[in-house]
2 protein chains.
Amino acid sequence: MVTKKGSSAGGSDAPTRGKDTAQRILDVAERLVQHRGFNAFSYADIAEELGITKASVHHHFAGKAELGEALISRYASTFAASLAAIDDEVPGAPAKLRAYTCLYADVLRHRRMCLCGMLAAEYQALPKAICDAIIVFFEDNETWLKGVLQQGRAERTLSFQGAPKEMARVLVSGLEGAMLVARLHAEPSYLQAVAASLLAGLRRRADEV
Amino acid sequence: MVTKKGSSAGGSDAPTRGKDTAQRILDVAERLVQHRGFNAFSYADIAEELGITKASVHHHFAGKAELGEALISRYASTFAASLAAIDDEVPGAPAKLRAYTCLYADVLRHRRMCLCGMLAAEYQALPKAICDAIIVFFEDNETWLKGVLQQGRAERTLSFQGAPKEMARVLVSGLEGAMLVARLHAEPSYLQAVAASLLAGLRRRADEV
DNA sequence: GTCTATAGGCAGATAGAC
DNA sequence: GTCTATCTGCCTATAGAC
């Protein structure tokens with residue numbers, strides 16, 4: 001069979017061109033997990049969509065647990081890179097928070113749940129290695145947000161009660177929950193509106209209308 | 001307290017005494033769904049725990065879809081009764097909101113996710129009838145919260161920017177997301193702290209410390 | 001790296017005896 | 001209402017040819 005390894009740009013929505021098989025498997029598996037959950041997709045689903053066999057999938061990822069680990073590892077890396085990019089390119093705590101909420105909106109764009117939010121729901125039914133990785137993901141998010149919130153307080157561009165750590169948890173919870181509920185609705189603006197309300201609560205008094 | 005315990009939501013972990021088999025099946029199934037998700041438990045799990053056979057479970061609930069519908073129906077009824085009890089017994093919008101957050105805390109007590117929050121995650125992998133019921137559950141919650149928020153504005157006991165409907169969505173999202181993330185942590189206070197922060201943002205200026 | 005073929009198990013579900 | 005027995009199908013996973 002002729003393998004088509006064209007040079008088309010690897011967009012995240014038509015992800016099966018111009019990448020090696022392992023990456024294509026991860027692309028499909030990621031979408032399936034984000035849509036249905038880890039326990040509601042199979043190797044057969046992946047194989048059928050890519051036009052290969054289940055055995056080929058096993059060649060790249062020995063078992064479902066290993067596939068799950070690879071999935072969350074890649075997702076966490078991408079997310080961490082996005083946070084680093086915000087740190088580098090976006091000045092000011094309020095703008096950083098807005099950029100952070102946009103990361104969530106991007107994930108939700110195709111009715112996907114946050115991969116780690118989905119896995120968090122299924123936590124008690126997942127392999128141990130995956131559970132550990134989920135916890136690290138949320139700790140990293142909390143830590144990054146805590147830093148931005150501290151920066152905002154120091155810059156006097158953000159105003160909020162309580163510890164930065166607590167407010168970081170409010171933001172993570174609010175955004176993950178908004179994704180969860182938004183997927184039930186037809187309106188794509190659900191998450192954006194909740195995010196805007198959450199951030200509005202962090203504005204300085206002087207900025208309030 | 002407002003909680004009307006005795007049947008399901010936030011119920012004990014040994015709910016199998018003094019009830020008929022159908023209710024015991026629902027008790028076990030509910031806990032399994034809240035812990036693992038709808039697609040990560042089986043009739044065999046239920047049968048084994050109750051000391052009966054899979055066939056007996058099928059006698060009471062013909063298929064998994066029907067079981068799921070019964071599950072969400074009972075859960076929504078219990079939740080609606082709790083909201084009605086708050087309306088009847090708790091005066092003042094701020095106290096009503098605190099009582100509302102306690103409903104979530106009760107569910108989380110045994111590391112359970114909100115049944116409908118869990119099903120919301122699995123939305124794209126569930127039977128249609130269940131999907132419809134989930135949407136109604138969240139609409140009802142939003143509507144009830146909107147009413148309380150309107151009351152609080154009228155009473156001048158709550159102060160917040162934006163429409164009550166938007167703020168209702170912030171609260172639902174924040175609490176569901178907090179449950180989702182809290183289950184990863186050892187600390188049982190995670191949800192309580194997030195809930196307190198959310199409600200703190202609704203206090204009147206005069207009430208702020 | 002991909003395939004065919006298959007193992008071994010568990011899933012949801014049903015028939016019919018008691 | 002509960003049981004035993006069974007069906008059918010899908011699941012994860014593996015062996016071995018090409």
Side-chain angles (χ1 to χ4, degrees), chain A residues 1-6 15-33 35-72 119 122 124-131, chain B residues 16-33 35-72 118-119 122 124-131:
Chain A
M1 182 170 281
V2 181
T3 45
K4 300 195 250 181
K5 299 234 169 168
T16 60
R17 277 180 257 272
K19 291 180 176 179
D20 64 20
T21 302
Q23 288 298 313
R24 276 181 278 177
I25 290 170
L26 289 175
D27 290 337
V28 173
E30 184 178 73
R31 196 192 65 245
L32 290 172
V33 173
H35 277 162
R36 307 182 195 168
F38 189 78
N39 290 302
F41 85 96
S42 70
Y43 270 40
D45 294 325
I46 298 171
E48 185 184 19
E49 184 160 341
L50 293 180
I52 59 178
T53 61
K54 290 185 290 178
S56 291
V57 181
H58 277 285
H59 171 76
H60 294 280
F61 301 96
K64 210 176 175 184
E66 288 88 343
L67 174 58
E69 289 179 55
L71 224 37
I72 197 168
L119 296 174
E122 303 177 284
Q124 281 125 320
L126 294 178
K128 172 103 175 50
I130 295 184
C131 291
Chain B
T16 61
R17 274 179 262 272
K19 293 181 178 179
D20 63 21
T21 303
Q23 288 298 310
R24 275 180 280 179
I25 290 170
L26 289 175
D27 289 339
V28 173
E30 184 178 73
R31 196 190 65 245
L32 290 171
V33 173
H35 277 163
R36 306 183 197 169
F38 189 78
N39 290 303
F41 84 97
S42 70
Y43 271 42
D45 293 326
I46 299 171
E48 186 185 19
E49 184 159 341
L50 293 179
I52 59 178
T53 61
K54 287 189 292 179
S56 291
V57 180
H58 277 285
H59 171 76
H60 293 281
F61 301 97
K64 210 176 176 184
E66 289 87 341
L67 175 57
E69 290 179 54
L71 224 38
I72 197 169
M118 178 65 82
L119 296 174
E122 302 177 286
Q124 281 125 320
L126 295 177
K128 172 105 174 49
I130 294 183
C131 292

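All values reported here derive from a predicted model rather than from experimental measurement. The sequence lines fix the lettering, A, B, ..., with proteins before strands; numbering per chain opens at 1. Every heavy atom of this structure was used, including side-chain atoms; hydrogens, water molecules and symmetry mates were not.
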- In B/S/- notation (B base, S sugar-phosphate only, - none; protein heavy atoms under 4.0 Å), nucleotides 8-18 of chain D written 5' to 3' is ---SBBBB---
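To the nearest 0.5 angstrom, Gln23(A) atom CD is 5.5 Å from Asp20(A) atom CG.
Salt-bridge formation is detected for the pair Glu49(B)/Arg31(B): a Lys NZ or Arg NE/NH1/NH2 atom is positioned less than 4.0 Å from an Asp or Glu carboxylate oxygen.
In this entry the distance linking CZ of Arg24(A) with C1' of dG1(C) reads 11 Å, nearest Å. In this structure, the CG atom of Leu67(B) is 14 Å from the P atom of dA11(C), given to the nearest Å. When rounded to the nearest whole Å, the span between CZ of Phe61(B) and P of dA11(C) equals 19 Å. As a whole-Å value, the separation of Asn39(B) CG from dA11(C) C1' is 11 Å. With rounding to whole Å, His59(B) atom NE2 is found 15 Å from dA15(C) atom P.
Not one side-chain nitrogen or oxygen of Ser56(A) sits closer than 4.0 Å to the OP1 or OP2 atom of dG1(C). A close approach under 4.0 Å does not occur between any side-chain nitrogen or oxygen of Thr21(A) and OP1 or OP2 of dG1(C).
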Could you pull out all donor-acceptor pairs under 3.5 Å where a side-chain atom in residues 56-65 of chain B meets a protein atom, sequence neighbours excluded?
unit_1, atom_1, unit_2, atom_2, d
Ser56(B), OG, Thr53(B), OG1, 3.4
His58(B), ND1, Ala62(B), O, 2.9
Lys64(B), NZ, Phe38(B), O, 2.8
Lys64(B), NZ, Phe41(B), O, 2.8

- Go through the steps to decide whether Val33(A) and Glu30(A) satisfy the test side chain to side chain contact (heavy atoms under 4.5 Å, CB included), and finish with yes or no. CA-CA 5 Å; Val33(A) 173; Glu30(A) 184 178 73; 6.0 Å; no
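Val28(B) has its side chain out of reach of Asp45(B): every pair of non-hydrogen atoms, C-beta onward, lies at least 4.5 Å apart. Annotation: side chain of Leu119(A) is not in contact with side chain of Leu71(A) (no heavy-atom distance under 4.5 Å).
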